[in-house]
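The structure appears below as structure tokens.
These values consider heavy atoms only, across backbone and side chains, with no hydrogens, waters or symmetry-generated copies. Numbers here simply count residues along the sequence, with the first being 1.
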Amino acid sequence: MPRKRVFQNRAFIGFIIEGHYADLLDQLARREGISKSELCRRVIIDWLEGEARVKYGLQLAAPPVVEKAGTAKLAPLTEKRLEDLKRALEEVAPVIERTARLLPQKMEWARSLIAMRNELLRLKEGGGWVKVRGDLVPAEQHYRTWMALHEGDIRMLEGMLEEWKRARAKFFKRVYYPWVGGRTGGLRKEVPADVMLEFDDRITVLLRKIDGVEPLANELERLLRPERFRSRGRVGR
């Protein structure tokens, strides 16, 4: 079987697409086992070399190409490190993608939920009675009743936050830093160009998702664990 070829003289093209089409591209790319960028590249090339060539009479000059180096010629240690990085990437990517999708949807609900919990906790600690649907009930009893209904929701938010933090830490420790390295460069400089471009694309996508999630995740942690941030503030004074 002939090896795939990698084109030289690449160009970057950016465009905006409706959200539902972007979601569909994500699904199809996962099914194909390639990145969304690679899927779009293939579709555009197929159209240019097929329908567009016939419709517009395009004369496409064949660009210079280089043979794909692949991973077969990698040094054994480099190949092992690349496999380790790939496994870590496959572990963390679903968590980062899921959090990036779900957390923005849940933040308004989380803010309201935790604000209610904090208010009921304040009333409970103050003792006395509260009015619930026209009846006066002990504040402590009302707090316990409310927590019985919503404790699972709060634990779900805490679990999402912990899963996110573990995935984020693993991404930087086992994927990003080994890939880019320090001053001398990391694994990125030891692999063929086609492998470098593939992993660059996947890692860049996850970095953008992390940047988008980070402010919300930090806010959720402050909501769930305000005592940690109060203690940090005291130490800093």
Which atoms form the tightest heavy-atom contact between [X] and [Y], and what is the distance?
{"X": "G127", "Y": "A139", "answer": "O-CB, 4.1 Å"}
{"X": "A167", "Y": "V92", "answer": "O-CG1, 3.6 Å"}
{"X": "M196", "Y": "W179", "answer": "O-CZ2, 3.7 Å"}
{"X": "A217", "Y": "L103", "answer": "N-CD2, 3.7 Å"}

Using a 6.0 Å distance limit plus a 45 degree cone around the ring axis, check whether R202 lies over the aromatic ring of F199.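 The answer is yes, since R202 meets both limits relative to F199.
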Enter the distance from [X]:[atom1] to [Y]:[atom2] here, rounded to the nearest 0.5 Å.
{"X": "L28", "Y": "C40", "atom1": "CG", "atom2": "SG", "result": "10.0 Å"}
{"X": "L197", "Y": "S37", "atom1": "CG", "atom2": "OG", "result": "11.0 Å"}
{"X": "L223", "Y": "I154", "atom1": "CG", "atom2": "CD1", "result": "11.0 Å"}
{"X": "L102", "Y": "M156", "atom1": "CG", "atom2": "CE", "result": "8.5 Å"}
{"X": "L120", "Y": "E125", "atom1": "CG", "atom2": "CD", "result": "11.5 Å"}
{"X": "I114", "Y": "R222", "atom1": "CD1", "atom2": "CZ", "result": "11.5 Å"}

So, [X] and [Y], do they make that salt bridge, N to O below 4.0 Å?
{"X": "E190", "Y": "R81", "answer": "yes"}
{"X": "D84", "Y": "R174", "answer": "no"}
{"X": "R144", "Y": "E140", "answer": "yes"}
{"X": "D211", "Y": "R208", "answer": "no"}
{"X": "E108", "Y": "R111", "answer": "yes"}
{"X": "E83", "Y": "K80", "answer": "no"}
{"X": "K170", "Y": "E91", "answer": "yes"}

Would a 4.5 Å heavy-atom cut-off, applied to side chains only, mark [X] and [Y] as touching?
{"X": "K106", "Y": "M160", "result": "yes"}
{"X": "H142", "Y": "K124", "result": "no"}
{"X": "I96", "Y": "V213", "result": "no"}

same_hphob_cluster([X], [Y]) at 4.5 Å side-chain heavy-atom cutoff:
{"X": "L206", "Y": "V95", "result": "no"}
{"X": "Y177", "Y": "L207", "result": "yes"}
{"X": "M116", "Y": "V132", "result": "yes"}
{"X": "L220", "Y": "L216", "result": "yes"}
{"X": "L24", "Y": "V205", "result": "no"}

Q. What do the steps show when you test R225 against L161 for side chain to side chain contact (heavy atoms under 4.5 Å, CB included), and what is the final call?
A. CA-CA 11 Å; R225 299 151 188 174; L161 180 63; 3.7 Å; yes
What's the verdict on salt bridge (Lys or Arg N to Asp or Glu O under 4.0 Å) for E198 and R188, showing C-alpha distance, side-chain angles and the deciding distance? CA-CA 11 Å; E198 175 191 351; R188 185 176 186 272; over 6 Å; no
TODO: Show the numbers, then the answer: is there a ring-ring contact (aromatic ring centres under 6.0 Å, His included) between H150 and W146?
DONE: CA-CA 6 Å; H150 297 286; W146 187 90; 4.5 Å; yes
Discussion item. Applying side chain to side chain contact (heavy atoms under 4.5 Å, CB included) to I203 and Y176, what does each step give before you reach the verdict?
Written reply: CA-CA 7 Å; I203 290 170; Y176 181 74; 4.1 Å; yes
Run the side chain to side chain contact (heavy atoms under 4.5 Å, CB included) test on N118 and R122 for me, step by step, so that the C-alpha distance in whole Å, both residues' side-chain angles and the decisive distance to 0.1 Å come before the verdict.
CA-CA 6 Å; N118 293 344; R122 183 186 66 80; over 6 Å; no
Practice prompt. Could you check F172 against I210 for side chain to side chain contact (heavy atoms under 4.5 Å, CB included), going step by step and ending with a plain yes or no?
Written response: CA-CA 11 Å; F172 283 105; I210 289 172; 4.2 Å; yes
**Message:** E163 vs R166, test: salt bridge (Lys or Arg N to Asp or Glu O under 4.0 Å). Steps then yes/no.
**Reply:** CA-CA 5 Å; E163 186 181 39; R166 288 194 299 269; 5.7 Å; no
- Is there a salt bridge (Lys or Arg N to Asp or Glu O under 4.0 Å) between E151 and R155 once you walk through the steps? CA-CA 6 Å; E151 188 173 12; R155 286 182 178 175; 3.0 Å; yes
Under 3.5 Å, is there a donor-acceptor pair between the W109 and D153 side chains?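 Note: W109 and D153 side chains miss the donor-acceptor criterion.
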